[in-house]
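Atoms within a ligand are numbered from 1 in the order they appear, just like the ligands themselves. Worth knowing before you read on, the calculation uses all heavy atoms, side chains too, and leaves out hydrogens, waters and symmetry mates. Treat the numbers as computed from the prediction; the structure is a model and nothing was measured. Position 1 is the first residue of the sequence, and the numbers go up from there.
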Amino acid sequence: ACSSFRLRDALHPLWQSELSVSGGTRQSPINIQWRDSVYDPHLKPLKIHYDPATCLYIWNNGYSFQVEFDDSADKSVIMGGPLENHYRLKQFHFHWGAINEWGSEHMVDSKVFPAELHLVHWNPVTSTSFEEAIMENNGLVVIGVFLKLGAHHAGLQKLVDALPAVKHKDTIVEFDVFDPSCLMPSCPDYWTYDGSLTTPPLTESVTWIIKKTPIEVDQNQLEAFRMLLFTSAGEEEKRMVDNFRPLQPLMNRTVRSSFP
Ligand SMILES: NS(=O)(=O)c1c(F)cccc1F
Ligand SMILES: [Zn+2]
């Protein structure tokens with residue numbers, strides 16, 4: 001992000017606990033240095049099976065807008081890639097900037113994107129619920145997809161059209177059949193590394209899978225994200241923008257790539 005680290009960033013309500021995760025050795029997000037990533041030929045292709053009927057609703061949680069899924073059975077799952085078993089889709093959400101020059105959480109060779117999609121999954125083999133999984137080592141898998149300014153994204157538009165209904169914090173709207181596979185780039189290439197949640201509780205329980213190829217969205221679609229509010233109805237309005245965490249140190253980690 002263009003904003004260099006400022007103490008007031010770390011103390012911003014969004015990252016209040018920024019300074020409290022002391023001793024973290026695998027925090028997210030990170031800058032992925034392409035040349036330092038190591039091709040792992042044993043990485044399998046990622047397998048994604050989402051059932052559109054598991055989509056429940058979309059809501060504004062005061063950090064981002066989030067689409068929640070019915071995770072009571074193995075209906076929307078991912079497997080393969082670096083994973084030893086299947087993981088259930090729980091929700092997806094985005095991070096974005098006030099302008100197109102920044103907004104993503106991860107970077108590639110210090111290149112930042114205007115937004116980043118996170119599809120959050122949990123391990124039903126080692127945990128009995130999502131809430132439990134966020135505290136488990138490797139309890140979660142998050143697929144990160146970069147958004148870049150370009151062509152109109154027809155699949156995203158259905159989401160964008162629902163955003164005015166969740167303008168304020170803690171508002172919710174029913175969101176029926178939606179298949180998040182339409183938000184995935186067709187290119188199978190990804191990087192993977194061990195990291196953390198990028199919002200509180202910042203637990204180090206995430207296997208990150210970052211897709212190499214961004215999806216394209218248009219200016220109007222990015223601006224629709226920026227008309228959301230951090231604030232509840234009746235409060236002084238604060239636009240929901242720059243809801244990304246600053247870069248974290250790589251420390252003793254290697255980023256693996258699925259491609260040579
Ligand atoms: N940003 S993130 O994908 O790390 C994330 C959240 F924001 C919230 C919950 C789980 C989670 F994984
Ligand atoms: Zn996220």
Side-chain angles (χ1 to χ4, degrees), residues 1 9 12-18 20-21 24-32 46 56-69 71 76-78 81-83 87-97 102-107 112-124 126-127 129-147 156 159 166 169-170 172 180 183-184 190-211 214-215 225 228 230 240-248 253 255:
D9 282 346
H12 183 284
L14 207 53
W15 313 121
Q16 196 59 52
S17 57
E18 182 69 49
S20 64
V21 185
T25 60
R26 51 175 278 190
Q27 289 291 293
S28 296
I30 60 170
N31 176 33
I32 297 166
L46 198 55
L56 295 173
Y57 54 85
I58 177 172
W59 68 299
N60 178 329
N61 64 10
Y63 287 152
S64 178
F65 68 93
Q66 200 151 291
V67 181
E68 300 282 346
F69 288 78
D71 62 348
S76 288
V77 294
I78 57 167
L83 310 176
Y87 284 70
R88 282 184 195 163
L89 176 66
K90 166 73 176 148
Q91 50 102 331
F92 69 80
H93 62 273
F94 296 80
H95 303 264
W96 61 90
W102 61 73
S104 64
E105 297 211 302
H106 291 86
M107 299 184 194
V112 77
F113 293 85
E116 184 173 333
L117 160 64
H118 288 160
L119 296 131
V120 181
H121 312 74
W122 61 279
N123 187 333
T126 55
S127 300
S129 71
F130 168 72
E131 288 71 22
E132 186 189 305
I134 66 174
M135 309 311 286
E136 292 281 322
N137 187 30
N138 298 334
L140 298 185
V141 168
V142 182
I143 298 177
V145 180
F146 294 117
L147 277 63
L156 184 73
L159 262 177
V166 289
K169 180 181 178 190
D170 294 330
I172 180 170
L183 300 174
M184 299 292 277
Y190 62 84
W191 288 283
T192 183
Y193 78 97
D194 292 338
S196 73
L197 271 63
T198 66
T199 64
L202 303 170
T203 43
E204 298 183 334
S205 54
V206 180
T207 298
W208 280 94
I209 295 174
I210 306 290
K211 300 293 283 184
I215 58 170
F225 286 16
L228 294 169
F230 281 128
M240 183 180 273
V241 292
D242 299 335
N243 55 356
F244 54 87
R245 190 189 189 196
L247 286 180
Q248 301 298 309
R253 288 180 284 183
V255 177

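- In this structure, CD on Glu136 lies 13.0 Å from CZ on Phe130, to the nearest 0.5 angstrom.
- With hydrogens and angles disregarded, no donor-acceptor distance shorter than 3.5 Å links the side chain of His118 to the backbone of Val142.
- Without hydrogens or angle criteria, Arg88 side chain to Asn123 main chain gives no donor-acceptor distance under 3.5 Å.
- Here His118 contributes ND1 and His95 contributes NE2, and at the Zn ion (ligand 2) these two atoms make an angle of 100°, given to 10°.
- Between Trp96 and Phe65, the angle of the ring planes lies from 30° to 60°, which puts this pair in the tilted group.
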Can you list every pair where an N/O of ligand 1 is under 3.5 Å from an N/O on the protein?
residue  : atom  : partner : partner atom : Å
ligand 1 : 1 (N) : His93   : NE2          : 3.3
ligand 1 : 1 (N) : His95   : NE2          : 3.3
ligand 1 : 1 (N) : His118  : ND1          : 3.4
ligand 1 : 1 (N) : Thr198  : OG1          : 2.8
ligand 1 : 3 (O) : His118  : ND1          : 3.3
ligand 1 : 4 (O) : Thr198  : N            : 2.9

Evaluate side-chain hydrogen bond (donor to acceptor under 3.5 Å, both in side chains) for Glu105 paired with Thr198, printing each intermediate quantity in order.
CA-CA 8 Å; Glu105 297 211 302; Thr198 66; 2.6 Å; yes
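- Ring orientation note: the planes of Tyr193 and Trp208 are close to parallel, at an angle under 30° on the 30°/60° scale.
- Nearest N, O or S atom of His93 to the Zn ion (ligand 2): atom NE2.
- Ile30 and Gln27 get closest at one heavy-atom pair: CG2-O, 3.7 Å.
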